[in-house]
Each structure stands twice: as C-alpha cells, then as structure tokens.
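Have a look at the structure below before the remarks.
The figures here come from the full heavy-atom set of this structure, side chains too, leaving out hydrogens, waters and symmetry mates.
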Amino acid sequence: MVLLVAVLILRALLLPSLPGFDGIEWSNLVYIHNNPPLISSDFEIRQDKFLVVPQIVWGLNNQKIAFARSCLTARMLNRTLLMPSLSASLFYKEIDLLQPISFDKVFQFEKFNALCNGFVRLGHYSDVLNKTQVLEMQKGSGRRWTVERDLSQLQEHSRGSFDDYEVIRIVGKNPFLWHDHWPVKDYAKVFECLDLIDDIAKDADKVVSRIRTVGREVIDNNESVELENSITSARSSFQPLPYVAVHMRIEIDWMIHCKKLEQRLNTNQICSSKKEIMERVRNIIGLKTPVVVYLAVADKLLNSTSIPEDWEEGFLTFDKKKLGVDGIYNKYPYLIQSAIDYEVCLRADIFVGNSFSTFSSLIVLERTQKMIRMNVTSICGTEVRWPSYAYNIPGESNGPMRWITNMSESSLKAISYGTNHISC
C-alpha cells in the first residue's frame, strides 16, 4: 500500500496538466508508442499459402490503405501476404518513375508480424517452395464489376481447386482502388502494427525535438512577466513544450483537384486558402498564445515560399526550412519525407487538417484509436487530450470543426475519399 501511494503521488507530481489551453489538456509526453494491439482470435493465418499483390503506388497514405487492403484480402483468403513493394516517388502514371522500395525499408517487418499476430501476416518470397505454379487472379474493373462480384471472386478463390495453389498472384489495378469489404476497425488494427524502421523513426524524433526546442528558445527570449508566470514557472524545465501541427493542403496539384471535387459534389467545404486556414486555427476555442505551430506541407509542390509568414502575433510558425530540418528531409525520397511529417503531426498536442485529405484522415483515425486505447471516456468532450480539427469545415466561433473518426463505419470509404461528416 505504501508503494502504491508513493507511485500515485509521484505520478501526480511528474505528470501535471499544462496550463495555457483552457478546456484542452496538453499532453506533456513527447510520444507514447502504442502497446501491442489486443488481438484475441483463434484464427491462424496459414504460412504455406501466399498472396502476391501489384506494386503499391500513389502517396504515402494511399499506399498505407492499399497495403492494409492487401493484408485484409490475404486474410479473407487465409493466406500470408508476401512482402509488397511500395513506391518511393509520388509519380504513379509514369511507370518508369515509380522508384519501387521494399516494405521493410520503410516499416519494421518482424515487429509488424509480432503486433498483428493472429490477424494478418507478412512473408518473404524465400518462403515459397514452388515458384512456378502460380494462379493469377484478375481483379475486375469498370461499372460491371460490383462490390458483390468482387466479394464473390474472393470467396471462390478461398476454396476448392483455386485454394490448392501455393501462390495466388493478383493482377490488376493498384490495391488502393480495389473494392472495400472490411470495417474501419479492421484497417485500424493493421495500421497499429506499422512502425517505421529505426533510422526513419529517429529522424522523426529529431524533428519533434527541434520543434519543441526552437519553440522553447523563442518563448524564453520573450521577457513578458505574464508569459513567465503562466507557462515557464508552472511546469518543470524537463517537460516538453506543446505544439500544434497544421497539415496545410494548399499545394498546386491539390488546389486543382479540390476545385474539381467541389464542383462535382456541389460544396464549398473542401478547398481552403492560407488565409482561411490561419483564421480557423486562430479561432480554436480555448487556444492561448504564444503557441508553437508546425506547418506540414509538400514544399516542392508549392507556388509560394512564404507559408510561415503573415501569421498573427503569438503564433510561432515553422516549416521544415525555417525550423532548420530540411536537411533531414532532403536525404530521403518523397515517401519517407511524408512518413516523417506524418509522425510529427501524429504526435502533436493538437492536430488541424483537411477532412478530404487521406493524410489528415489517417492521422485522425490513429489519434482517435489512441484515445480509445487509453480508455478516454468521452473523446468528444471539451477536456480531452490529442484533439483534432478540420479547418475546411467551420466550427464554433468560425474555428475549425472538431474531428474524430467513427470507428463503427462498415468501410473505409469516407476516410479514403474524404467527407464533411466528421463531428462528434
């Protein structure tokens, strides 16, 4: 009992809530890696039957969805998914520019299998005994190829003479565009098993540390007595400075795409200008300044170099270049750069993104899952850690709309293609 009381007292002293944000409790931990998912199933994935999928393409998060969809397809067929090839570059139409990169050059292979044990499984090509007898399964396309026909095809190939083949190779379009037969919670299980390899994870740690350090230096140089009393003296010096991450989807390619999408869907809640994003972030209920803001944006696709400029006083805004970490990013291809930005946004105390962006959507999905794993009783409450917002949809006081993922959705469609139905 004495030990228990001592632990509780130490916990209260070492993990206080941070002031400076009314109604939202800042996380004072740099990052907590997810515990292994609680997958309890008698289902055992066969290790002598395999599935091969086409090279996975497009942006990072479309590739993550395609990978998860491949895993779940293999699970439906009760097969091990042979480790797929990802694409290091963003180009997906020019086949010669795809720059294939092996899955284990981005994510940890063994750890994935350990975390997803009993749910899905990855294998090496060296595990295959007979490399000559391969059954090719053509994925359908076009309007006549319905969800029902796709499901029927998978069920057919999971039994009888089709199932006798050691390897089934799927031939067809990118797995991201396959029909979806699985609920959000199944995708979330796969995403939870994805951990970046150590070198990339360490670089992500460096960027997060740099954000907090630079922010701390800027704030410490401010001689305001009020600031000194409200932030610095209220917490121990070892506690990291909280920060807001904003995924600014204002690149050239996105603005062309989102305008067309707005016309097709007859809405004006997809595209957002820099001015609108700044206004929405400024109007987050309870947010007090000064506050450090990291701007995640694909620099090479911008037609402006002034993204961190023109923000109101009290918003300490940094992009990669201003932060001095562009050297970390530049040594990697596009896929890895995006993976680092994803981690930086995922770990932020507050995240603000665009609900029609796959990048933003998967971050919110993981943050929602994190709250569920931490047994947060009311993820829609006003006092909640790791809140997320969508700046493209106006919320209270013309701030961004609160955003959580509906984990009970029967498919990933809303997350894959975007939605404005995101509120609690």
Can you tell me how far apart OG (Ser388) and CZ (Arg367) are? Round to the nearest 0.5 Å. 4.0 Å

Does Gln269 reach the side chain of Phe356, with side-chain heavy atoms less than 4.5 Å apart? no

With distance as the sole test, does Arg121 use its side chain to make a donor-acceptor pair with the main-chain N or O of Asn113 at under 3.5 Å? no

Do Asp203 and Lys206 meet the salt-bridge criterion of a basic N to acidic O distance under 4.0 Å? yes

Side chains of Val207 and Ile340 in contact at under 4.5 Å (non-hydrogen atoms): yes

Which residues pass the side chain to side chain donor-acceptor pair (under 3.5 Å) test with Asp180, not counting sequence neighbours? Tyr187

So, for Pro84 and Val53, which heavy atoms are closest and what is the spacing to 0.1 Å? CB-CG2, 3.9 Å

May I ask you to decide if Tyr334's main-chain N or O and Ser338's side chain share a donor-acceptor pair within less than 3.5 Å? no

Do Phe315 and Val281 make a side-chain contact, defined as non-hydrogen atoms from C-beta onward lying under 4.5 Å apart? yes

In Å and rounded to the nearest 0.5 Å, what is the CG to OH distance from Leu265 to Tyr417? 13.0 Å

Determine, for Phe67 and Lys64, whether the Lys NZ or Arg CZ falls below 6.0 Å from the six-membered ring centre while staying within 45 degrees of the axis. no

Between the CG atom in Asp199 and the NZ atom in Lys331, the distance rounded to the nearest 0.5 Å is 7.5 Å

Can you check whether Cys258 and Cys271 have SGs under 2.5 Å apart? yes

Mind listing the side-chain donor-acceptor pairs of residues 153-167 below 3.5 Å, one per line with the distance, residues two or more places apart or on another chain?
| unit_1 | atom_1 | unit_2 | atom_2 | d |
| --- | --- | --- | --- | --- |
| Gln153 | NE2 | Gln138 | O | 2.7 |
| His157 | ND1 | Gln153 | O | 3.0 |
| Ser158 | OG | Gln155 | O | 2.6 |
| Arg159 | NH1 | Gln155 | O | 3.0 |
| Asp163 | OD1 | Arg46 | NH2 | 2.8 |
| Asp163 | OD2 | Arg46 | NH1 | 3.0 |
| Glu166 | OE1 | Asn130 | N | 2.8 |
| Glu166 | OE2 | Leu129 | N | 2.8 |

Given side chains that start at C-beta, do those of Leu151 and His179 come closer than 4.5 Å, heavy atoms only? no

Side chains of Asn354 and His247: any donor to acceptor distance under 3.5 Å? no

Might you work through the salt bridge (Lys or Arg N to Asp or Glu O under 4.0 Å) test for Glu366 and Lys370, ending with a clear yes or no? CA-CA 6 Å; Glu366 286 205 50; Lys370 181 179 179 181; over 6 Å; no

Tell me which one of Thr317, Asp319, Asp341 satisfies side chain to side chain donor-acceptor pair (under 3.5 Å) with Tyr294. Asp341

Residues Glu396 and Arg402 bridged, charged N to O under 4.0 Å: no

Just by distance, do the side chain of Tyr391 and the backbone of Met401 share a donor-acceptor pair under 3.5 Å? no

Just checking, any donor-acceptor pair under 3.5 angstrom between side chains of Ser87 and Gln55? yes

Minimal heavy-atom distance between Thr419 and Ile422, with the atoms involved, is O-CG2, 3.7 Å

Looking at Ser209 and Asp205, would you say the former's side chain and the latter's main chain have a donor-acceptor pair under 3.5 Å? no

Check for a donor-acceptor pair, side chain of Glu409 on one end and backbone N or O of Pro183 on the other, with a separation under 3.5 Å. no

Asp326 backbone acceptor or donor facing Asn330 side chain under 3.5 Å: yes

Could you check if a side-chain atom of Tyr243 sits within less than 4.5 angstrom of a side-chain atom of Val344, using non-hydrogen atoms only? yes

Is any side-chain heavy atom of Leu316 less than 4.5 Å from a side-chain heavy atom of Val214? no

Does NZ in Lys322 sit with more than 12 non-hydrogen atoms of other residues, nucleotides or ligands closer than 6.0 Å? yes

Between Asp349 and Arg212, does any side-chain N to carboxylate O distance fall below 4.0 Å? yes

Between Glu276 and Arg280, does at least one N-O distance fall below 4.0 Å, as a salt bridge requires? yes

Check against side chain to side chain contact (heavy atoms under 4.5 Å, CB included), Leu295 and Phe318: CA-CA 6 Å; Leu295 307 176; Phe318 300 92; over 6 Å; no

Please answer whether the main-chain N or O of Ser360 pairs with a side-chain N or O of Ser357 as donor and acceptor at a distance below 3.5 Å. yes

Can you check side chain to side chain contact (heavy atoms under 4.5 Å, CB included) on Ile168 and Arg79, steps first, answer last? CA-CA 9 Å; Ile168 292 179; Arg79 290 175 175 266; 3.5 Å; yes

Kindly determine whether Cys116 and Cys71 satisfy disulfide bond (SG atoms under 2.5 Å apart), including the steps that lead there. CA-CA 10 Å; Cys116 265; Cys71 287; over 6 Å; no

With a 4.5 Å cut-off on side-chain heavy atoms, are Val244 and Tyr389 touching? no

Between Asn398 and Pro394, the two heavy atoms sitting closest are OD1-CB, 4.1 Å

Does this structure show an ion pair linking Glu279 with Lys275, if we count only N-O contacts that are shorter than 4.0 Å? no

Nearest-0.5 Å distance, CE of residue Met248 to CH2 of residue Trp254: 13.5 Å

Salt-bridged, Asp195 to Lys111, with N to O below 4.0 Å? yes

Would you confirm whether the ring centroid of Phe107 sits within less than 6.0 angstrom of the ring centroid of Phe112? no

Where Trp403 and Gly353 come nearest, the two heavy atoms and their spacing: CZ3-C, 4.0 Å

Rounding to 0.5 Å, atoms CG (Asp186) and CZ (Phe191) come to a distance of 11.0 Å

Quick check against the 3.5 Å criterion: does Arg169 have a side-chain atom that pairs as donor or acceptor with the backbone of Leu51? no

Are Leu72 and Val190 close enough, and set up right, to give a side chain to side chain contact (heavy atoms under 4.5 Å, CB included), and what steps lead you there? CA-CA 9 Å; Leu72 296 172; Val190 177; 4.3 Å; yes

Check: Leu86 main-chain N/O paired with Gln63 side-chain donor or acceptor under 3.5 Å: no

Reference residue Asp150; test salt bridge (Lys or Arg N to Asp or Glu O under 4.0 Å); the match among Arg69, Lys173, Lys139, Arg144: Lys139

How far apart are the closest heavy atoms of Pro242 and Val292, and which atoms are they? O-CB, 4.2 Å

Can you tell me if Glu262 uses its side chain to pair, donor with acceptor, with the backbone of Ile270 under 3.5 Å? yes

How many angstroms lie between CG in Leu122 and CG in Leu82, if you round to the nearest 0.5 Å? 9.0 Å

Minimal heavy-atom distance between Ser355 and Ile393, with the atoms involved, is OG-CD1, 3.6 Å

Heavy-atom side-chain contact between Pro175 and Ile56 under 4.5 Å: yes

